[in-house]
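What follows is a short report on a single structure.
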There are 2 protein chains.
Amino acid sequence: MATIKDVAARAGVALGTASRVLSGSSQTSADSRSRVLAAAAELNYIANGPARSLRRSRTDVLGLLVSDIRNPFFSDLAHAAEQEAGRLGYTVLLANANEDQAKVDDYLRIFASQRIDGLLLSPQGGHSPQLELLRATRLPLVLLNRTVDGLDAPIFGTDNAGGVASVLDWLQRRGHRDVAFVGGPPTISTGAERLAAYRAGRESHGISMDDALIDTGDFLPGGAAKAMHRILDRGMRPTAVFGANGPTTLGVVRALRQRLGADWAANIAIVSFDDLDWFEFASPAISAVRNDAATIGRLGVAGLVDLINGRSVDSLRVPTEFFDRSAGIS
Amino acid sequence: MATIKDVAARAGVALGTASRVLSGSSQTSADSRSRVLAAAAELNYIANGPARSLRRSRTDVLGLLVSDIRNPFFSDLAHAAEQEAGRLGYTVLLANANEDQAKVDDYLRIFASQRIDGLLLSPQGGHSPQLELLRATRLPLVLLNRTVDGLDAPIFGTDNAGGVASVLDWLQRRGHRDVAFVGGPPTISTGAERLAAYRAGRESHGISMDDALIDTGDFLPGGAAKAMHRILDRGMRPTAVFGANGPTTLGVVRALRQRLGADWAANIAIVSFDDLDWFEFASPAISAVRNDAATIGRLGVAGLVDLINGRSVDSLRVPTEFFDRSAGIS
DNA sequence: AAGCTTCATGGAACCGTTTCCATGAATGTG
DNA sequence: CACATTCATGGAAACGGTTCCATGAAGCTT
């Protein structure tokens, strides 16, 4: 592979001059500029990133650590983040912790070794030695959707309280009293916040305060289905179920089908935090809080780049939108 | 941040010795080993990746360029690839071309600059200067699911012909004659292969040869919906529709609902290449070819690492499995 | 025309590793 | 006991860029 030395030789200039032309940092004569550029094109010169990173002690790479890339919320988010990063001259190194704290640590180590310029993190909730190091290391950091106490970094996330409030309003309007809630792990802030908002709002919305109607899973279909089964096992017969994120609602629907047969839908309404492609097709259609992953990703990257450039950044809760797909009376 | 020089100083050994201990390449005395490791731990030493990459002229990074990360096929694939790569000591740099040839070129340049050790590529189909360079550059390369002619690299992908054959069999068993086919771009090999296999198999399976029943989109819901509309606009009234990938089937269902109302399903059966979470919930449930993204991702990475290590690698078509969800008579 | 400033350029230092080479201690052998 | 061999170690070169510093040519000023 051609090096900048080859380019300089072919252009008949000193190595330093070639570098100045190619990185555009300093003034160069029109003559040497054109000769260097020509030589670079002829040799298909592509600068050696590691060498450049070593010298400049920055990589123009951002780390993005998500909890579950197969969750559409995160794949949308990652997609938008990547777009925005590209626009701002950064590359995104995407890692998937798979809702597993050990993998978070592994990837934080890898990121540190790669010397990323900043990190977008959607944490699992728990503490860990690597997270402590993260604080010590002063790496520009933005949290996505989930907080972890002790880390004071700006967070870009969903307005969980607002989203839950819109669900509560909907449940009340539809006259549901016996509502089951299937949540996420209480260790994850999103799980805790949504559950707390739901608990706090039940009474004023005429919803049963019986905690036997509440259970939590792992924010994945498998764990959510088990939680739904436990609720039914306790003899509860809800008229509506609220799933606290997309994969959870999927698990809930699977469990209900398995338990009550294909006709379950006639008797039980579903409402979800996170909107999925197929909710419009369910019969009756499933209403949902739409969680704007793309905006969170975009703003998160923009905020992180601000941090890197020494500007101060404020946390932001992105508002949700409720999609009421119930027919007739609203 | 601590450097290996700091570690060596603290351990009271020469820089070279510290390096030998930490990279474990060469013999070192038990004494210096323990002192270096202790010093490294105390200083929270993490090796500078760029410096190491520069010197060793390898990065232990694999590039993975997918066409659309929001397509569950690719997010499953990416997930599995990442797992396998981690197991083999590599990190994956994931990029999303968003079904856009220009972005493919952008990312190939970024990958080249990052000096990745190998590339997993799911191409858009078209040719481009960057792809030519890719060939010249001799970068270890594995294609995922899609070929591009002129690039002779092992390909790990779905058995498209086999998958389509199982769909044709199903259509015949269910007695469908007027079947619509909504495909992907003919420029993408997956799109072309699936269409060709379908076309070739129609007659022997008793399916109408009328090409007005065939249209193609962009492998995204939007384009697929438009294609479905065009078929209906031509006055066709199929009893079954075959969507050529996951997002396509989503678009097809949307178009049918919009056009024929919520009751469309009573009259039209859907069958899909790629199985999606919600197909089991549709009524009637949607049958589908399951496309084993995880296996493709895992084998692709393993194959790429073999290539990097100079071993020869053969292409592989991963067999599909048909999920017949139709009730009653099969 | 002399002196001063501007500015492109060549040359060299430097970033943090790995690895080669030479050295010298320790061990083994005849 | 002399000599060969093994082996851990110190020191230095090298990877491919960027950037600092010194130099000298060219342009301005008075």
Side-chain angles (χ1 to χ4, degrees), chain A residues 1-37 39-40 43-61 89 91 109-117 137, chain B residues 1-37 39-40 43-61 89 91 109-117 137:
Chain A
M1 198 134 208
T3 73
I4 201 170
K5 204 168 155 187
D6 303 325
V7 173
R10 184 173 191 113
V13 300
L15 190 156
T17 303
S19 170
R20 276 180 287 256
V21 168
L22 292 169
S23 61
S25 59
S26 179
Q27 291 288 22
T28 47
S29 71
D31 177 51
S32 46
R33 187 159 40 242
S34 67
R35 288 165 59 191
V36 168
L37 291 177
L43 295 173
N44 287 319
Y45 171 73
I46 296 181
N48 182 311
R52 161 177 289 195
S53 296
L54 171 60
R55 179 58 230 231
R56 305 179 45 191
S57 54
R58 37 176 281 215
T59 50
D60 296 333
V61 171
T91 303
R109 225 185 321 272
I110 289 174
F111 282 160
S113 161
Q114 296 281 335
R115 299 295 198 263
I116 58 172
D117 290 345
T137 200
Chain B
M1 198 135 207
T3 73
I4 201 171
K5 205 168 152 187
D6 303 326
V7 173
R10 184 173 191 113
V13 300
L15 190 156
T17 303
S19 171
R20 277 181 286 257
V21 169
L22 292 169
S23 61
S25 58
S26 178
Q27 291 289 22
T28 47
S29 71
D31 177 51
S32 47
R33 188 161 38 246
S34 67
R35 287 165 61 190
V36 167
L37 290 177
L43 295 173
N44 287 319
Y45 171 75
I46 297 183
N48 183 311
R52 159 176 292 192
S53 297
L54 171 59
R55 177 59 230 234
R56 305 176 49 188
S57 55
R58 41 176 278 218
T59 51
D60 297 332
V61 171
T91 304
R109 224 185 323 270
I110 289 174
F111 282 160
S113 161
Q114 296 281 335
R115 299 294 197 265
I116 57 171
D117 290 345
T137 201

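Reckoned from all heavy atoms, side chains included, excluding hydrogens, waters and symmetry mates. All chains are named by letter (A, B, ...) in the order of the sequence lines, taking the proteins before the strands, and each is independently numbered beginning at 1.
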Which part of the nucleic acid, if any, lies within contact of [X], taking any heavy atom under 4.0 Å across all strands shown: a base, the sugar-phosphate backbone alone, or nothing?
| X | result |
| --- | --- |
| A:Leu22 | nothing |
| B:Ser53 | nothing |
| B:Ser57 | nothing |

Whole-Å distance separating the [atom1] atom of [X] from the [atom2] atom of [N]:
| X | N | atom1 | atom2 | value |
| --- | --- | --- | --- | --- |
| A:Ile4 | C:dC15 | CD1 | P | 19 Å |
| A:Arg115 | C:dC15 | CZ | C1' | 12 Å |
| B:Asp31 | C:dA25 | CG | P | 17 Å |
| B:Asp6 | C:dC15 | CG | P | 12 Å |
| B:Lys5 | C:dT17 | NZ | P | 11 Å |

Rounded to the nearest 0.5 Å, what separates atom [atom1] in [X] from atom [atom2] in [Y]?
| X | Y | atom1 | atom2 | result |
| --- | --- | --- | --- | --- |
| B:Met1 | A:Ser57 | CE | OG | 12.5 Å |
| B:Ile110 | A:Ile46 | CD1 | CD1 | 11.0 Å |
| A:Asp60 | A:Ile116 | CG | CD1 | 12.5 Å |

Sub-4.0 Å heavy-atom contacts from residues 44-51 of chain A onto DNA chain C, ordered by number: none

Salt-bridge criterion met for B:Arg35 and B:Asp31 (N-O under 4.0 Å): yes

Closest non-hydrogen atom pair, A:Ala40 against A:Leu22: CB-CD2, 4.1 Å

Distance-minimising heavy-atom pair for A:Pro50 and B:Leu54: CB-N, 4.1 Å

Short side-chain donor-acceptor distance under 3.5 Å, A:Arg20 and A:Thr28: no

Bending between helix ends of the helix from C:dA1-D:dT30 to C:dG30-D:dC1 [5 pairs per end, 10° resolution]: 40°

Under a 4.5 Å cut-off applied to non-hydrogen side-chain atoms, are [X] and [Y] in contact?
| X | Y | result |
| --- | --- | --- |
| B:Asp6 | B:Arg10 | no |
| A:Val61 | B:Gln114 | yes |
| B:Ser53 | B:Arg115 | no |

Base C:dT17 to side chain B:Arg52, donor-acceptor N/O within 3.5 Å cut-off: no

Contact boundaries on DNA chain D for chain A, cut-off under 4.0 Å to non-hydrogen atoms: D:dG16 to D:dC20

Given A:Val7, A:Thr3, A:Ile4, the one that forms side-chain contact (heavy atoms from CB on, under 4.5 Å) with A:Leu15: A:Ile4

Pairwise 5' ranking along DNA chain D for A:Ala18 and B:Val21, keeping only the more 5' one: B:Val21

Earlier contact from the 5' end, DNA chain D, for A:Ser23 and B:Ala14: B:Ala14

